[in-house]
Amino acid sequence: MDTGDRSSLAFPFAMAAGQVRTSGGDEALRERIVQVLFTAPGERVDLPEFGCGLLQLVFEPNDDLLRAAAGFTVAQGLTRWLGDEIAVDGVDVSQHGEHVVVEVAYTRRADLRQEGLRVQFQGGPVWKSD
């Protein structure tokens, strides 16, 4: 059974001590989730349907309808691209002043552990997990 603890190139790409930074385990999974969230469909030449285009919503009116649509789009994107690794338990999109906060609750399929990830927009993405 895949434990989901494979190592991969870290996201965002970076060098550390003269070598390409890698990540594994929970960190790598969170990085893959962020890649789905912040990749716009059409952005990857070799995989044009990849991503859910969350950053494209930054310029849309911030209202209840948009937040509901964003939550649906995020859940669909994560299920499509990472459905073999996670089960999306819920997506909550809220507004805090000028910030839009996206909280993703998910269950790792490898060990059924529930996790969460929080992403905040302020002119660009800032992400952290809870």
Within-4.5 Å side-chain heavy-atom neighbours: Glu49 and Arg80 = yes
Is there a path from Val36 to Leu47 through hydrophobic residues (I, L, V, M, F, W, Y) whose side chains come within less than 4.5 Å of each other?
-> yes
Are Phe38 and Val101 connected in a single hydrophobic cluster, I mean Ile/Leu/Val/Met/Phe/Trp/Tyr linked by side-chain heavy atoms less than 4.5 Å apart?
-> no
If you take all heavy atoms of Gly25 and Arg108, which pair is closest and at what distance?
-> C-NH1, 4.3 Å
Considering only heavy atoms from C-beta outward, does the side chain of Ile86 approach that of Glu115 to under 4.5 Å?
-> no
Residues Arg118, Glu103: salt bridge by 4.0 Å N-O rule = yes
For the residue pair Pro41 and Gly51, what are the closest heavy atoms and their distance?
-> CG-O, 3.9 Å
Value for CG (Leu29) from CD1 (Ile33), rounded to nearest 0.5 Å, stands at 4.5 Å
For Arg67 and Val93, work out which heavy atoms get closest and say how close.
-> CD-O, 3.5 Å
For the student: nearest non-hydrogen atoms of Leu66 and Asp63, plus distance = N-OD1, 2.8 Å
Mind checking the CG-OG1 spacing from Leu78 to Thr73? Nearest 0.5 Å is all I need.
-> 10.5 Å
What is the minimum heavy-atom distance between Ala70 and Leu54, and which atoms define it?
-> CB-CD1, 4.5 Å
Test salt bridge (Lys or Arg N to Asp or Glu O under 4.0 Å) applied to Glu85 and Arg109, Arg30, Arg32, the passing residue | Arg32
Correct closest heavy-atom pair for Phe50 and Gln35 would be CE2-O, 3.8 Å
